[in-house]
> 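Before I ask anything, let me first share the structure, which is written out below as structure tokens.
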Amino acid sequence: LTEADPYRGAYMAVVESVTKLVCAGFHHEDMYLTFQEYFEHMNDKPERWGKPLAALLGALDAQMGLGIASIGGKDSMSGSFEGLDVPPTLVSFATAIGNTANVMSPEFKKANSSVVILKPQYKDGMPEIGSLLSIYKIVEQMIEEGMVASACSVGYGGIAEALFKMGLGNRIGFKMRADMPTHRMFEPMYGSIVLEMVSDSPAGELLGETTADYTFECCGDKLDMAQLQEI
């Protein structure tokens, strides 16, 4: 959460947890959530009381839209000691039961795979629930049909962060084909999903392809992934 907008932060926390589990090969209809909350001591300051209320309203809004319930959690409200306060925080955990044959991991599996991104529609930087649910259903179906080799949710660090993490596990590089300015690569895109495809994708926007060369080529630059990993 951000102190300036606990509602928005909690909403995004729910979206990110659900999106990550969809990427892992589970159906959003089968999911439940659990929360852990950390807030400073309320004292007699009205603005402190508003933070947990706004956060829980944001989380509830996301739950209502997605049709997913929170079934429990841990309440850690006494996060203050003398003059120190914890940052206002709501952590969302998504859980589900699914078929182990569909379980996915986020790292790239091989070179010369097409990499696509599916993005929901956004309003004021927040994913619209209707388009988000449509993306979940498409990704779930493609995973079940064996069309996806790896899947990764896009979060605060944007597409660049997701692609970099996907390359680490098996030391596989990536070459960008999409015409995208550098700043767009780092925009937060909660609810978006990057897929490494086994076969042609019936949906999504082509980003590029994986490479045997352990480099990250994008926006006119070619970076050595091994050196970036050390940093």
> Between S105 and E107, is there a side-chain donor-acceptor contact under 3.5 Å, judged purely by atom types and distance?
yes
> Can you sort out the partners of K165 under salt bridge (Lys or Arg N to Asp or Glu O under 4.0 Å), two or more places apart, ordered by chain and number?
E161
> For E196 and K109, what are the C-alpha separation, side-chain angles and deciding distance, and is it a salt bridge (charged side-chain N to carboxylate O under 4.0 Å, His left out)?
CA-CA 8 Å; E196 177 194 4; K109 300 301 187 295; 5.2 Å; no
> Picking from L195, T19, V148, what satisfies side-chain contact (heavy atoms from CB on, under 4.5 Å) with V139?
L195
> Using a cut-off of 6.0 Å, state whether more than 12 heavy atoms not belonging to N43 lie near its atom CG.
yes
> List the residues meeting salt bridge (Lys or Arg N to Asp or Glu O under 4.0 Å) with R171, not counting sequence neighbours, and say none if there are none.
none
> Does R48 pair with D85 as a salt bridge, N-O distance under 4.0 Å?
yes
> Relative to each other, are the rings of H28 and Y136 parallel, tilted or perpendicular (30° and 60° limits)?
tilted
> With side chains defined as the heavy atoms from C-beta onward, is the minimum distance between Y11 and M126 less than 4.5 Å?
yes
> Will you find, in the side chains of Q141 and H27, an N or O donor that is under 3.5 Å from an N or O acceptor?
no
> Minimum heavy-atom separation for A111 and A212, please, with both atom names.
CB-N, 3.4 Å
> Could you check V22 against M31 for side-chain contact (heavy atoms from CB on, under 4.5 Å), going step by step and ending with a plain yes or no?
CA-CA 9 Å; V22 168; M31 295 183 194; 3.6 Å; yes
> Salt bridge check, K222 against D213: does any charged N sit closer than 4.0 Å to a carboxylate O?
yes
> Do E47 and W49 make a side-chain contact, defined as non-hydrogen atoms from C-beta onward lying under 4.5 Å apart?
no
> Are any non-hydrogen side-chain atoms of M189 and R184 less than 4.5 angstrom apart?
yes
> Can you confirm whether N102 sits close enough to E140 that some side-chain heavy atom of one is under 4.5 Å from a side-chain heavy atom of the other?
no
> More than 12 non-hydrogen atoms from neighbouring residues, nucleotides or ligands closer than 6.0 Å to NZ on K137, yes or no?
no
